[in-house]
Each structure stands twice: as C-alpha cells, then as structure tokens.
Amino acid sequence: MSATVQPSDTDRVSTDEPSKEERLAAFLREKAEDGELYFKSKFIADEVGLSPKEIGALMVKLKDSACGLSIEKWSYTSATTWRVEPAN
C-alpha cells in the first residue's frame with residue numbers, strides 16, 4: 001500500500017509576493033523616476049528589507065536585466081556606490 005503525501009499550506013510557495021529582485025527593481029524605479037540616484041547598499045537595506053550583501057548580488061543581476069533602468073557600478077570607497085537612472 002502506498003500513501004500520497006499532500007504538501008501543507010506552509011510548504012507551498014506564494015506566487016503573490018514579488019521576488020527579492022522584483023522588490024529591489026520596483027524600489028529603484030520609484031526612487032529614480034525623477035532622475036539619477038546614487039546609493040550604497042548598506043543605506044537602503046532597511047527600506048528594501050534585504051541585507052546589503054543581497055542587494056549587491058541583485059544589483060549585478062539587475063544591471064543586465066532590469067527593464068526601464070540604467071544601472072552602473074559608480075565607485076568603490078569602503079562599499080560600492082551604484083548609479084541608477086531611468087532608461088531611455
């Protein structure tokens with residue numbers, strides 16, 4: 001006899017919540033809609049709900065994939081400064 005195990009509600013991944021990458025991209029679009037934005041990950045971490053390390057890793061991904069944003073690594077002095085502006 002075999003038993004079928006059904007996943008519990010806590011095992012299911014909610015598709016209603018945006019991913020970390022989507023949350024960060026939305027935050028950056030909102031902040032950069034009036035022009036360019038310069039920031040260090042550690043200064044926006046609380047606002048986005050991510051660690052500075054997570055933001056840094058996601059910024060590298062978003063640099064190549066974020067629609068509507070132009071992202072570049074601007075400088076490095078004790079932490080990376082990112083420059084973000086709306087894409088033309």
Undergrad: Kindly list each side-chain donor-acceptor pair under 3.5 angstrom involving residues 66-76, sequence neighbours excluded, with atom names and distances?
TA:
{"from": "Glu72", "atom 1": "OE2", "to": "Arg83", "atom 2": "NH1", "distance (Å)": "3.0"}

Undergrad: For residues Ile44 and Leu24, determine if any side-chain heavy atom of one lies less than 4.5 Å from a side-chain heavy atom of the other.
TA: yes
Undergrad: Tell me the closest heavy-atom pair linking Gly35 and Pro86, and the distance in Å.
TA: O-CD, 3.8 Å
Undergrad: Under 4.0 Å between a side-chain nitrogen and a carboxylate oxygen: does that hold for Glu17 and Arg23?
TA: no
Undergrad: Nearest 0.5 Å please: distance from the CD1 atom of Ile55 over to the NZ atom of Lys40.
TA: 13.5 Å
Undergrad: Drop me the distance from Ser19's OG to Leu58's CG, to the nearest 0.5 angstrom.
TA: 8.0 Å
Undergrad: Is Val60 reachable from Phe27 through a run of I, L, V, M, F, W or Y residues, each pair having side-chain heavy atoms under 4.5 Å apart?
TA: yes
Undergrad: Nearest 0.5 Å please: distance from the NZ atom of Lys61 over to the CD atom of Glu21.
TA: 5.5 Å
Undergrad: Could you state the interatomic distance from CE (Met59) to CG (Asp64), rounded to the nearest 0.5 Å?
TA: 11.0 Å
Undergrad: Any idea which heavy atoms bring Ser51 and Ala45 closest together, and the distance?
TA: C-CB, 4.3 Å
Undergrad: Locate the shortest heavy-atom distance separating Ala32 from Leu37; write the atom from each residue and the value.
TA: CB-CB, 4.3 Å
Undergrad: At what distance, to the nearest 0.5 angstrom, does CD of Glu85 lie from CD of Glu33?
TA: 14.0 Å
Undergrad: How long is the span from the CH2 atom in Trp82 to the CG atom in Leu28, to the nearest 0.5 Å?
TA: 10.5 Å
